Amino acid sequence: MKTKTVALIAVMIAIIIALGFIPGIPLGFIPVPIILQNMGIMLAGALLGSKRGFLCVFIFLLLVALGMPVLSGGSGNIASFMGPTAGYLLAYPFAAFLVGLVTEKFNQANVFLEFLLIWLAGALFVDVMGAIGLTIQSHIPLHQALMANLVFIPGDTIKVLIVTLIHRRFKNSSFLQA
Ligand code: BTN
């Protein structure tokens with residue numbers, strides 16, 4: 001693997017961790033907070049592409065599994081993958097991959113299409129997988145878990161907008177090319 005790829009992945013992991021420093025907003029009716037860190041997951045896919053984005057987020061989750069407190073609010077250990085947010089966490093690398101895939105395949109798309117594709121791949125996908133995880137882990141009926149996840153849509157939509165604009169600003173930068 002090229003030194004540049006390693007450096008880009010390392011920087012992106014640092015950005016994801018830094019976004020986790022901003023504490024989440026707990027919600028009383030669902031054991032999942034509103035966080036900023038998932039914006040870093042989408043950004044990894046959009047800026048690094050599908051394969052490097054997947055690898056980046058996979059390594060980030062390895063750090064979590066090793067017990068490093070890199071998740072939002074300073075949590076992180078192997079038990080995180082069995083808790084109420086497991087569905088979201090396990091979806092993260094695939095979301096980065098999908099965001100990378102759509103931004104690679106629709107490189108010339110207009111801003112609205114690009115926004116929609118990133119929203120589907122990076123926000124809706126994670127929220128649905130998270131709801132499925134909640135159903136399995138916390139025995140909340142799926143329709144109820146899906147309804148509860150609607151609370152994340154406004155914030156996640158703003159994050160997708162920011163990711164779309166950052167991607168459009170940097171997508172032709174030779175610095176990000178493999
Ligand atoms: C964790 O740090 O344990 C994962 C938290 C997952 C929170 C999810 S990510 C998608 C959705 N949007 C949010 O702001 N929060 C949830």
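Atoms within each ligand, like the ligands themselves, are counted from 1 in listed order. Starting from 1, each residue takes its place in the sequence as its number. Just so we're clear, the structure is a prediction, and the values are computed from it rather than from any experiment.
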Every residue of the protein that comes under 4.0 Å of ligand 1, judged on heavy atoms: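 Residue list for ligand 1: V32, P33, I34, I35, N38, L71, T85, Y88, L89, Y92, V126, D127, F152, D156, K159.
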Summary of side chain to side chain donor-acceptor pair (under 3.5 Å) pairs that have at least one residue in residues 97-119, sequence neighbours excluded: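 For residues 97-119, and leaving out neighbouring residues, the side chain to side chain donor-acceptor pair (under 3.5 Å) pairs sorted by first residue read S50-E104, E114-H167, E114-R168, W119-T157.
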Heavy-atom neighbours of F175 CZ exceed 12 at 6.0 Å: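 For F175, atom CZ is not crowded (no more than 12 foreign heavy atoms under 6.0 Å).
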Neighbour count above 12 (heavy atom, 6.0 Å) for K171 NZ: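 Check passes, neighbour count above 12.
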Taking every non-hydrogen atom, the tightest pair across T85 and P31: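 Here T85 and P31 meet closest at CG2-O, 4.1 Å.
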Ring centroid separation F125 to F94 under 6.0 Å: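 Not under 6.0 Å, so no.
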Side-chain heavy atoms of I25 within contact of P33, under 4.5 Å: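 No. Closest side-chain heavy atoms not under 4.5 Å.
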